[in-house]
Asks: 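Okay, here's the structure, questions in a sec.
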Amino acid sequence: MTAPTETPAPPARVSGRYIFWMMAANFGVSMAFIVPIAFSLAVRIDELAPGREEVLGYVTGTAQAIFLILSPLIGVWSDRTRSRFGRRRPFMLGGAALGLAALLAIAAAPNLLLVGAGWILAMLGWATVSQLILSAQADRIPDEQRGKISGLTGLTGQIAPIMGVGITSLVSGSTFLVFVLPGLIGAALLAVFLVVGTDPDSRDLPPAPPVSARGLLSSYVFNPRKYPDFGWNWLGRLAFFMGLYFNTTFSTFFYAQRLDLPVRDVAGTVALIGVIGVFAAAAGALGGGYLSDKLRRRRLFALIGSLFFVVGATVEAFAYSFPALLVGSVLMQLAIAFFSAVDQAIVLSVLPSREEAGRYIAVVQFAHKLPSAIAPLLAPFVIAIGATGGAKNYTLLYLTGAVLALLGGLIVFTRIKSVR
């Protein structure tokens with residue numbers, strides 16, 4: 001793909017108002033598509049196919065894989081869009097409309113096939129919006145604000161599903177509301193950002209050169225020799241998030257087994273653990289982002305985040321009581337927020353081209369979406385190893401996740417050179 005010939009000026013500092021509404025949109029979008037992964041889809045699948053926990057992995061993994069294939073095309077398309085509404089806004093609006101409609105369809109779906117098809121569309125819609133919020137950060141956020149905003153992005157992304165599960169637990173008797181209520185909240189907050197937040201008119205940007213089939217295929221890859229730090233960060237991110245998705249995709253079923261509760265009754269437990277974990281997530285996201293900005297040390301904090309994850313995952317692996325599950329979960333919330341905030345700041349620093357931010361953010365998302373597609377497909381095989389009497393081997397699953405997360409932190413800490 002031909003690179004643009006003009007280099008844009010570095011972005012100016014953005015206002016607190018812009019940051020607030022961007023974070024509100026990120027909060028809403030995260031709620032809309034992570035709550036179904038964390039809770040709603042498990043409830044729906046348990047209704048239609050009781051005892052078939054592996055179906056959740058197949059449904060979420062397939063949807064993630066399809067979005068993974070399409071996300072670079074969406075990124076390139078938005079980079080090249082010339083409209084009075086900017087480059088990102090039209091895709092955010094379209095993605096939210098598709099995502100909300102798909103959630104409505106899942107709530108009414110009479111069989112697993114339609115649930116799976118609905119989730120593919122819902123994931124495509126909401127994940128597109130989430131990806132383009134990150135692209136907007138690459139467009140608009142200067143280096144001196146990246147740690148803080150990455151921390152806030154991680155914090156709102158973690159708090160949203162926790163609050164969303166808490167809200168849906170109040171209406172867990174209604175399958176319709178369990179799916180649709182988080183989607184409505186997400187759509188409403190995004191709508192405010194689209195109105196209040198500016199996405200500059202892109203009609204005056206230089207015309208984008210024609211794209212060939214070869215150019216489109218090249219948008220899926222990058223040259224790690226030319227951009228080694230981008231490549232190493234991509235690999236470390238992949239390993240960390242593989243560990244994360246091993247340990248979070250089946251959390252509803254995991255808590256149900258360890259606490260000997262029906263799946264539907266786990267919502268309150270998940271919400272309570274999540275609400276307590278909000279404080280840890282806030283400390284991790286804001287503390288990691290602030291300290292990495294203040295001390296100009298990103299890689300060390302990424303490693304610290306992965307170490308917290310190892311401790312939390314190990315505690316949960318051997319937990320059979322609510323207090324132990326709570327401790328492990330809080331440590332993992334802290335770890336995920338800590339690592340995500342700092343690593344996102346690293347991403348924005350090592351991005352090969354800000355002019356093609358949509359494309360490269362999509363490539364970065366591969367390191368996030370590949371695990372979310374692969375881990376749910378592999379996890380059913382892991383939990384089946386040594387399983388007896390219908391009890392799945394979640395201990396092995398959580399320990400596997402811990403090892404992968406540690407590997408990710410070590411790669412970022414030891415291999416990246418251009419960021420301290």
Side-chain angles (χ1 to χ4, degrees), residues 33-64 106 109 112 115-116 119 123 161-162 164-166 168-169 172-173 175 178-179 182 241-274 277 312-322 324-329 332-333 336 371-402 404:
F33 85 98
I34 300 179
V35 167
I37 296 174
F39 176 67
S40 310
L41 281 169
V43 171
R44 192 75 181 108
I45 288 169
D46 192 59
E47 288 176 346
L48 296 173
R52 296 284 305 280
E53 299 169 39
E54 69 277 6
V55 174
L56 176 63
Y58 302 146
V59 168
T60 57
T62 300
Q64 294 281 18
I106 295 171
L112 291 176
V115 168
W119 183 243
M123 171 59 67
I162 294 168
V165 172
T168 55
S169 70
S172 60
T175 300
V178 161
F179 278 96
F241 281 101
M242 184 71 77
L244 186 157
Y245 281 105
F246 263 117
N247 293 12
T248 56
T249 299
F250 290 86
S251 58
T252 296
F253 290 119
F254 169 65
Y255 289 138
Q257 178 175 301
R258 292 297 173 91
L259 298 176
D260 195 24
L261 291 171
V263 172
R264 184 177 286 274
D265 293 347
V266 171
T269 300
V270 173
L272 179 58
I273 289 176
T314 303
V315 170
E316 287 216 279
F318 297 101
Y320 287 86
S321 67
F322 176 78
L325 290 171
L326 175 62
V327 171
S329 177
M332 287 180 65
Q333 297 271 6
I336 295 166
S372 65
I374 296 172
L377 298 176
L378 295 179
F381 298 100
V382 177
I383 63 177
I385 296 173
T388 57
K392 305 299 192 296
N393 192 353
Y394 286 109
T395 298
L396 179 60
L397 185 70
Y398 274 66
L399 292 178
T400 302
L404 289 167

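Quick note: numbers below take in every heavy atom, side chains included, and nothing from hydrogens, waters or symmetry partners. Remember, predicted model here, so these are calculated numbers, not experimental data.
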Asks: Can you tell me if Glu316 uses its side chain to pair, donor with acceptor, with the backbone of Tyr398 under 3.5 Å?
Replies: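 No, because the side chain of Glu316 does not come within donor-acceptor range (under 3.5 Å) of the backbone of Tyr398.
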Asks: Describe, in one word, how the ring planes of Tyr394 and Phe254 are oriented to each other, choosing from parallel (under 30°), tilted (30 to 60°) and perpendicular (over 60°).
Replies: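 Perpendicular.
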Asks: How long is the gap from CD1 on Ile374 to CZ on Phe241, to the nearest 0.5 Å?
Replies: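 These two atoms lie 14.5 Å from each other.
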Asks: Is any side-chain heavy atom of Phe39 less than 4.5 Å from a side-chain heavy atom of Pro182?
Replies: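 No - every pair of side-chain heavy atoms lies 4.5 Å or more apart.
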Asks: Distance from Thr269 atom OG1 to Leu261 atom CG, nearest 0.5 Å?
Replies: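 Going from OG1 on Thr269 over to CG on Leu261, the span is 5.5 Å.
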Asks: Can you tell me if CZ on Phe381 sees more than 12 non-hydrogen neighbours from other groups inside 6.0 Å?
Replies: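 No, because the 6.0 Å sphere around CZ of Phe381 holds 12 heavy atoms or fewer from other groups.
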Asks: Looking only at heavy atoms, which two atoms of Leu377 and Gly57 are closest? And how far apart?
Replies: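 Result for this residue pair: CD2-O, 3.7 Å.
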Asks: If you look at every heavy atom in Ala402 and Thr314, which pair is closest and at what distance?
Replies: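 It is CB-OG1, 4.5 Å.
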Asks: Does some side-chain heavy atom of Pro380 sit less than 4.5 Å from a side-chain heavy atom of Phe250?
Replies: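 They are in contact (side-chain heavy atoms under 4.5 Å apart), so the answer is yes.
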Asks: Using side chain to side chain contact (heavy atoms under 4.5 Å, CB included), reason through Leu41 and Phe179 one step at a time and then give a plain yes or no.
Replies: CA-CA 8 Å; Leu41 281 169; Phe179 278 96; 4.1 Å; yes
Asks: Is a side-chain N or O of Thr395 found less than 3.5 angstrom from the main chain of Phe318, in a donor-acceptor match?
Replies: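 Not confirmed, Thr395 side chain does not pair with Phe318 backbone.
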Asks: Please name the pair of heavy atoms, one in Leu325 and one in Ala319, separated by the smallest distance, quoted to 0.1 Å.
Replies: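 Smallest interatomic distance, heavy atoms only, reads CD2-CB, 3.6 Å.
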Asks: For Val165, does its backbone N or O pair with a side-chain atom of Thr168 as donor and acceptor, under 3.5 Å?
Replies: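 A pair under 3.5 Å: yes.
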Asks: With rounding to the nearest 0.5 Å, note down the distance linking OG1 in Thr60 to CD1 in Ile45.
Replies: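 Answer rounded to 0.5 Å: 7.5 Å.
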Asks: Is there a donor-acceptor pair closer than 3.5 Å between any side-chain N or O of Arg44 and the backbone N or O of Ala109?
Replies: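 Such a contact is found between Arg44 side chain and Ala109 backbone.
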Asks: Donor-acceptor pair, distance only, cut-off 3.5 Å: does the side chain of Asn393 make one with the backbone of Ile385?
Replies: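 Flag set: sc Asn393 to bb Ile385 pair under 3.5 Å.
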Asks: Nearest 0.5 Å, please: how far is CZ in Phe253 from CD1 in Ile383?
Replies: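 Atom-to-atom, Ile383:CD1 and Phe253:CZ are 9.0 Å apart.
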Asks: Yes or no on side chain to side chain contact (heavy atoms under 4.5 Å, CB included) for Trp119 and Ile37, after CA distance, side-chain angles and deciding distance?
Replies: CA-CA 10 Å; Trp119 183 243; Ile37 296 174; 3.4 Å; yes
Asks: Taking all non-hydrogen atoms of both residues into account, name the closest pair between Pro376 and Pro371 and its distance.
Replies: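 Nearest pair, atom of Pro376 first, then Pro371: CD-O, 3.5 Å.
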Asks: Which heavy atom in Leu56 sits nearest to a heavy atom in Ala42, and how many Å separate them?
Replies: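 That closest heavy-atom pairing would be CD1-N, 4.2 Å.
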Asks: Can you see which heavy atom on Ile106 is nearest to which on Val115, and at what distance?
Replies: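 What the structure gives for the nearest pair is CG1-O, 4.1 Å.
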